> 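Okay, handing you the structure first.
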Amino acid sequence: MIIMKVYVLITFLSVSNSKTNFMPNLPLGEYRIVFEKIYSCESTNVFQYNLYFSKKTFNITEMKGNITFLLPFDDTLTLDINGASWGSIGGWKPNSMVYITKNTCSNSKKLLGNAWYSLIKAFNGHITSCPFPAGTYITNGIDLKELDNLNMPKVYFYGKYKVTFKIRNEEKNVLGCFVIEMTLLRPWEKPT
Ligand SMILES: *[C@@H]1O[C@H](CO)[C@@H](O)[C@H](O)[C@H]1NC(C)=O
Ligand SMILES: *[C@@H]1O[C@H](CO)[C@@H](O)[C@H](O)[C@H]1NC(C)=O
């Protein structure tokens, strides 16, 4: 059973081109995602993410806010995802997971899986495919449970992660940047 799970993980990694520093000291297994924070980071603000998590009831947390694109969000862009993991002795360890891809718009759709459609609906989009024109997109709230259905490996290392998403143009300038902090828990664990 364990061997099969590891095999699935390795298959995913080779398919998706991502690089992971194996963390043999961390247990791995099926997980659920607890999203903790989302905030923007330094960029030229061509793609502006004004998003936040907001607790609606004791068991529902929503993502709210708006995003503004000053240029079309399309496949000329490069997406650079870098995950830092929280070390056992404290401190963020960068490059725990690195994934860089061209064709940002199309590949975001692949990475997001079913969450792509939930996001488009939540931002009242009538555009359902790439590219997305420049403009402001607003959401009144999307249940974060709809976002954990990502096209990601079903098995991963448990722990706390800080994942930075950078959108670059061909000249490698960072046009947009946001960070998501999250914890991967065993399916039955409660957040602390
Ligand atoms: C959230 O809690 C309410 C009240 O206890 C319950 O009715 C509802 O089913 C819960 N929703 C989820 C998704 O767990
Ligand atoms: C977008 O979000 C920011 C930060 O919450 C807010 O100041 C701004 O008014 C919002 N813009 C629109 C168009 O809703």
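What you see is a predicted model; the values in this text were computed from it and never measured. Values below: all heavy atoms of this structure, side chains included; hydrogens, waters and symmetry mates excluded.
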> Look up atom CG in L175 and atom CD in E171, then write down how far apart they are to the nearest 0.5 Å.
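It comes to 8.5 Å.
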> Between D75 and K102, is the closest basic N to carboxylate O distance under 4.0 Å?
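Looking at D75 together with K102, the answer is no, because their closest N to O distance does not fall below 4.0 Å.
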> With under 30° as parallel and over 60° as perpendicular, where do the rings of F47 and F73 fit, or are they tilted in between?
perpendicular
> Is any side-chain heavy atom of I81 closer than 4.5 Å to a side-chain heavy atom of V98?
no
> Rounded to the nearest 0.5 Å, what's the gap from CD on E30 to OH on Y156? Could you check?
16.0 Å
> Check the pair L112 / L119 against side chain to side chain contact (heavy atoms under 4.5 Å, CB included), numbers first and verdict last.
CA-CA 9 Å; L112 285 164; L119 282 168; 3.9 Å; yes
> Parallel, tilted or perpendicular: which one describes the rings of W116 and F132, with boundaries at 30° and 60°?
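Plane angle over 60°, so perpendicular.
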> Just so I know, are the side chains of T101 and T78 near enough to count as touching, which here means a heavy-atom distance under 4.5 Å?
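T101 does not reach T78 side chain to side chain.
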> With rounding to the nearest 0.5 angstrom, report the NZ to OG distance, K109 to S106.
8.0 Å
> May I ask you to test the T61-S54 pair for a side-chain heavy-atom distance under 4.5 Å?
no
> With the threshold set at 4.0 Å, does a side-chain nitrogen-carboxylate oxygen contact exist between E189 and R32?
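Between R32 and E189 there is no salt bridge, as every charged N stays at least 4.0 Å from the carboxylate O atoms.
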> List the steps, then state whether ring-ring contact (aromatic ring centres under 6.0 Å, His included) holds for Y49 with F178.
CA-CA 7 Å; Y49 296 87; F178 64 95; 4.6 Å; yes
> I want to check something: taking the side chain as every heavy atom from C-beta on, are L111 and L150 in contact at a cut-off of under 4.5 Å?
no
> Could you state the interatomic distance from CD1 (I120) to OH (Y137), rounded to the nearest 0.5 Å?
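Those atoms lie 9.5 Å apart.
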> Is there a donor-acceptor pair under 3.5 Å between the side chain of Q48 and the backbone N or O of N45?
yes
> Taking the six-membered ring of Y158 as reference, does the cationic atom of R186 (NZ for Lys, CZ for Arg) lie under 6.0 Å from its centre and within 45° of its axis?
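Geometry flag: set, cation within 6.0 Å and 45°.
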> Say you draw a straight line from CG of L144 to OG of S118; how long is it, rounded to the nearest 0.5 Å?
11.0 Å
> Stepwise, does the side chain to side chain contact (heavy atoms under 4.5 Å, CB included) test hold for F35 with I33?
CA-CA 6 Å; F35 293 100; I33 304 175; 3.8 Å; yes
> Are L184 and F157 packed together at the side-chain level, in the sense that at least one heavy-atom pair is separated by less than 4.5 angstrom?
no
> Say whether T183 and E36, considering side chains only, have a donor N or O and an acceptor N or O under 3.5 Å apart.
yes
> Decide yes or no for D80 and R168: does some side-chain heavy atom of the first lie under 4.5 Å from some side-chain heavy atom of the second?
yes
> Donor-acceptor pair, distance only, cut-off 3.5 Å: does the side chain of K55 make one with the backbone of F58?
yes
> Quick test of your reading of the model: are E62 and K56 salt-bridged, counting only N-O distances below 4.0 Å?
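K56 and E62: salt-bridged.
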> Output, in order, the C-alpha distance, side-chain angles, deciding distance and verdict of side chain to side chain contact (heavy atoms under 4.5 Å, CB included) for C41 and T164.
CA-CA 8 Å; C41 33; T164 303; 4.1 Å; yes
> Any side-chain heavy-atom pair from N103 and D74 closer than 4.5 angstrom?
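They are not in contact (no side-chain heavy atoms under 4.5 Å apart), so the answer is no.
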> With rounding to the nearest 0.5 Å, note down the distance linking CG in N169 to CD1 in I167.
11.0 Å
> Any heavy-atom pair between the side chains of K37 and I180 that's under 4.5 Å?
no
> Using the side chain to side chain contact (heavy atoms under 4.5 Å, CB included) rule, take I38 and F53 through it: C-alpha gap first, then chi angles, then the decisive distance, then the call.
CA-CA 7 Å; I38 183 167; F53 297 150; 3.6 Å; yes
